[in-house]
Number of protein chains: 2
Amino acid sequence: MFAHMRPTIKDIAERAGVGLGTVSRVLNDNPRVSEMTRAKVMGAVRDLNYVPNLAARGLSMGKTQSIAVIAPFFTRSVFVERLHGIEETTSASGYDVVIYNVDAVEKRDRYFRTVPDPRRVDGVIVISLPPTATDVARFQRSSVPVVFVDVGNPLCQPFDRIVINDVEGGRMATQHLIDLGHRRIGYIGDVPQAGFNFTAGEDRFAGYREALAGSGIEIRPEYHLDGRFGREVARELAHRMLGLPERPTAIFASNDTQALGVLEAARDLGLDVPGDLSVVGYDDIEMTDFLGLTTVRQLLFESGRRSVDALLRRIEEPEREPLCDSLPVELIVRRTTAPPR
Amino acid sequence: MFAHMRPTIKDIAERAGVGLGTVSRVLNDNPRVSEMTRAKVMGAVRDLNYVPNLAARGLSMGKTQSIAVIAPFFTRSVFVERLHGIEETTSASGYDVVIYNVDAVEKRDRYFRTVPDPRRVDGVIVISLPPTATDVARFQRSSVPVVFVDVGNPLCQPFDRIVINDVEGGRMATQHLIDLGHRRIGYIGDVPQAGFNFTAGEDRFAGYREALAGSGIEIRPEYHLDGRFGREVARELAHRMLGLPERPTAIFASNDTQALGVLEAARDLGLDVPGDLSVVGYDDIEMTDFLGLTTVRQLLFESGRRSVDALLRRIEEPEREPLCDSLPVELIVRRTTAPPR
DNA sequence: ACATGTTGTGGAAGCGTTTCCATGGGGTAG
DNA sequence: CTACCCCATGGAAACGCTTCCACAACATGT
């Protein structure tokens with residue numbers, strides 16, 4: 001028994017009594033094959049339990065049937081949900097998904113340099129990582145389709161991209177607090193991680209300022225604190241902000257995780273939410289529902305889905321105009337916001 | 001400019017004025033190359049910005065430099081954290097990770113059939129999905145190393161596996177409640193999803209029964225409810241259980257997500273936790289810390305890390321004895337458990 | 001009758017690597 | 001000085017597929 005020797009198209013060809021080219025044509029649904037021959041080949045395929053060698057096919061065709069996702073901190077809920085959308089759409093089209101997790105700037109640079117290679121993957125989805133001009137130039141040369149998700153950077157204009165209007169989201173969150181009657185509204189955001197240049201935070205902050213300015217509310221620098229992403233840090237920042245002589249009656253956190261930290265700080269200080277303090281988050285990750293956190297929902301899963309759609313479309317038709325798909329944001333009011341006392 | 005033509009080793013060879021074999025040897029750190037030639041080749045590599053073609057290498061060597069992870073519902077925290085361990089360890093060794101998410105039985109079967117193919121991946125990690133005897137036979141024939149994580153099934157004995165002692169974990173959680181003085185202890189678990197045969201739930205329940213039996217506490221069937229995984233369902237189950245004439249003073253939920261549902265139900269009913277009701281979860285996913293949920297910690301990240309270690313070791317030495325690595329569980333006492341009133 | 005398609009087919013060439021074998025030059029030991 | 005061996009090297013073969021070209025057989029139009 002040659003149980004260990006995987007059959008090749010040559011084996012199929014011999015068994016079916018046809019030539020190599022014919023087998024290949026059958027396997028690729030080329031119409032130039034007679035019904036009879038097709039049946040013989042398919043029979044042999046079944047008999048020998050043939051499975052094509054993807055490396056060989058890839059080498060010959062210059063296609064790999066796999067796409068890469070380059071994402072930072074892929075364990076954070078935001079990315080997990082986007083990934084979910086990507087995975088679901090991708091697996092439906094028979095492509096494999098290879099994940100490149102970026103947890104350091106060097107890794108991003110390495111992946112940006114080596115992954116977008118037509119001999120490695122058929123397409124790349126980049127999430128939340130703005131490229132430099134050099135990166136962009138390289139991507140364009142590489143001939144691999146690249147789609148950006150959540151990257152506002154104008155350098156990306158030559159590529160398909162799925163963007164989120166974070167300014168608007170920040171504005172909505174803040175406006176909601178203003179509408180409730182708040183005037184002393186704090187903002188807690190994540191400091192752009194060294195070298196990553198995430199833009200979401202800044203945009204949300206811009207929305208915050210816009211809303212305040214629109215209502216003629218003074219922007220007080222002591223009401224703005226940034227810290228490394230994470231609950232613990234946000235908790236400390238909130239402690240600090242809530243310890244101010246004239247403390248805010250509401251805090252908008254630039255993401256739900258930091259909003260949790262704010263809630264924790266409020267709990268520490270014995271402040272009632274929303275009685276003494278209103279809190280708004282951003283992203284609407286799964287557990288905000290449990291906590292009753294008022295937040296700004298962005299269509300995370302959908303953003304993943306659409307990025308794959310865009311990528312596959314471009315693989316089909318490389319020459320179309322780059323599309324820019326803007327996803328809506330929506331305010332979800334729950335139990336952590338109320339008029340100030 | 002031939003900007004679009006990726007250089008091959010042939011180009012390198014010409015530019016460096018050496019032969020193809022020599023280039024290949026340099027690239028593969030073969031010691032049989034003089035320092036001078038090596039330098040010339042490396043120079044050419046840099047000049048031409050050469051990147052090896054992985055498909056070609058894979059075809060030639062029968063290796064792909066990528067490993068597959070087959071996991072159910074990869075967006076659930078438990079899997080995300082295991083994946084994190086896998087990703088981190090894998091990327092450090094230069095392998096790619098391809099994710100196959102199983103959200104339906106058919107997908108599991110399809111992946112089990114097609115993924116473990118030596119021409120597709122160098123190794124496979126299967127998480128929480130017990131194989132059938134047929135699957136096992138196929139895996140063994142396929143010659144691709146397979147490592148199981150969180151699969152207790154005895155059929156997996158021929159393979160490396162990382163197991164978690166869920167019986168012990170369930171026992172510890174329950175014993176903790178008993179030690180606090182509880183006698184009426186409920187159990188809420190997830191019903192084995194049709195066809196998936198997850199075993200963790202049953203094991204944890206077995207531990208629960210053991211602990212009760214060990215303390216001579218009667219096992220009351222009305223204190224045992226199973227439902228589909230998820231917060232909402234668990235919340236309903238908890239409602240039902242807490243509506244019993246003689247309601248439990250403590251509930252052990254088979255996983256943290258369901259424990260959240262229990263907490264929600266307690267909140268709905270105005271029960272104080274831990275005053276009126278103690279709650280214990282399982283897994284110690286990230287947010288349990290925030291909620292102060294007492295739970296059983298299993299080393300999720302570590303399980304991922306070790307599965308990769310095991311896999312790479314087996315790729316190196318295919319003939320070693322299958323290892324069975326058992327990870328410890330640990331009770332983390334927080335704020336949701338206390339003696340009964 | 002012949003030129004002209006059309007259809008199905010076989011097989012060689014080529015994709016970019018690694019690996020194996022052959023070769024030549026230099027060193028070392030006799 | 002010879003015999004031997006080792007080291008560095010070049011290049012052919014092989015990996016399994018797709019694709020292109022050539023060709024045979026037959027149909028069609030004049």
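Just so we're clear, the structure is a prediction, and the values are computed from it rather than from any experiment. In what follows, chains carry the letters A, B, and so on, assigned in the order in which the sequence lines appear, proteins first and then strands, with residues in each chain numbered from 1.
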In whole Å, what is the span from the CD atom of B:E35 to the C1' atom of D:dC7? 14 Å
Result block: side-chain N/O donor-acceptor pairs under 3.5 angstrom for residues 105-116 of chain B, not counting sequence neighbours:
{"residue": "B:K107", "atom": "NZ", "partner": "A:S91", "partner atom": "OG", "Å": "3.1"}
{"residue": "B:R108", "atom": "NH1", "partner": "B:G195", "partner atom": "O", "Å": "2.9"}
{"residue": "B:T114", "atom": "OG1", "partner": "B:R110", "partner atom": "O", "Å": "3.0"}

Phosphate contact (D:dA8 OP1 or OP2) by B:S34 side-chain N/O below 4.0 Å: no
Distance-minimising heavy-atom pair for B:R38 and B:P31: NH2-CA, 4.3 Å
Tightest non-hydrogen contact, residues B:V144 and B:D117, listed as CG2-C, 3.4 Å
Cation-aromatic face contact A:R76/A:F73, 6.0 Å, 45 degrees: yes
Tell me whether the OP1 or OP2 atom of D:dC7 has a side-chain N or O from B:R32 closer than 4.0 Å. yes
Do you know which two heavy atoms are closest between B:P130 and B:S128, and how far apart they sit? CD-O, 3.5 Å
Would you call A:E316 and A:R313 a salt bridge, taking side-chain N to carboxylate O under 4.0 Å as the test? no
Starting from P on D:dG16, measure out to CG on B:D117 and report it in whole angstrom. 12 Å
Whether each nucleotide of nucleotides 22-27 of chain C has a protein heavy atom under 4.0 Å at its base (B), only at its sugar-phosphate (S) or at neither (-) is summarised, 5' to 3', as ------
Quick one: do A:D160 and A:R320 satisfy salt bridge (charged side-chain N to carboxylate O under 4.0 Å, His left out)? Show the steps, please. CA-CA 10 Å; A:D160 297 315; A:R320 37 186 312 135; 5.9 Å; no
Output yes when a side-chain donor or acceptor of B:D135 lies under 3.5 Å from a complementary backbone atom of B:T132, and no otherwise. yes
Rounded to the Å, how far apart are A:D11 CG and D:dC15 C1'? 13 Å
Whole-Å distance between D:dG16 P and B:R120 CZ? 17 Å
Give, for atom CZ of A:R57 and atom OG1 of A:T64, the distance between the pair rounded to the nearest 0.5 Å. 12.0 Å
With respect to the phosphate group of D:dA8, does any side-chain polar atom (N or O) of B:T22 fall under 4.0 Å of OP1 or OP2? no
Can you name the atoms? Protein N/O to nucleotides 17-20 of chain C N/O, anything below 3.5 Å, with the distance.
{"residue": "C:dT17", "atom": "OP1", "partner": "B:Y50", "partner atom": "OH", "Å": "2.6"}
{"residue": "C:dT17", "atom": "OP1", "partner": "B:N53", "partner atom": "N", "Å": "3.1"}
{"residue": "C:dT17", "atom": "OP2", "partner": "B:I9", "partner atom": "N", "Å": "2.9"}
{"residue": "C:dT17", "atom": "O5'", "partner": "B:Y50", "partner atom": "OH", "Å": "3.1"}
{"residue": "C:dT17", "atom": "O2", "partner": "B:S60", "partner atom": "OG", "Å": "2.9"}
{"residue": "C:dT18", "atom": "OP1", "partner": "B:N28", "partner atom": "OD1", "Å": "3.2"}
{"residue": "C:dT18", "atom": "OP1", "partner": "B:N28", "partner atom": "ND2", "Å": "2.9"}
{"residue": "C:dT18", "atom": "OP2", "partner": "B:S24", "partner atom": "OG", "Å": "2.6"}
{"residue": "C:dT18", "atom": "OP2", "partner": "B:N28", "partner atom": "ND2", "Å": "3.4"}
{"residue": "C:dT18", "atom": "O4'", "partner": "B:S60", "partner atom": "OG", "Å": "2.8"}
{"residue": "C:dC20", "atom": "N4", "partner": "B:R25", "partner atom": "NH1", "Å": "3.3"}

Interatomic distance where CG belongs to B:L54 and C1' belongs to D:dC15 [whole Å]: 15 Å
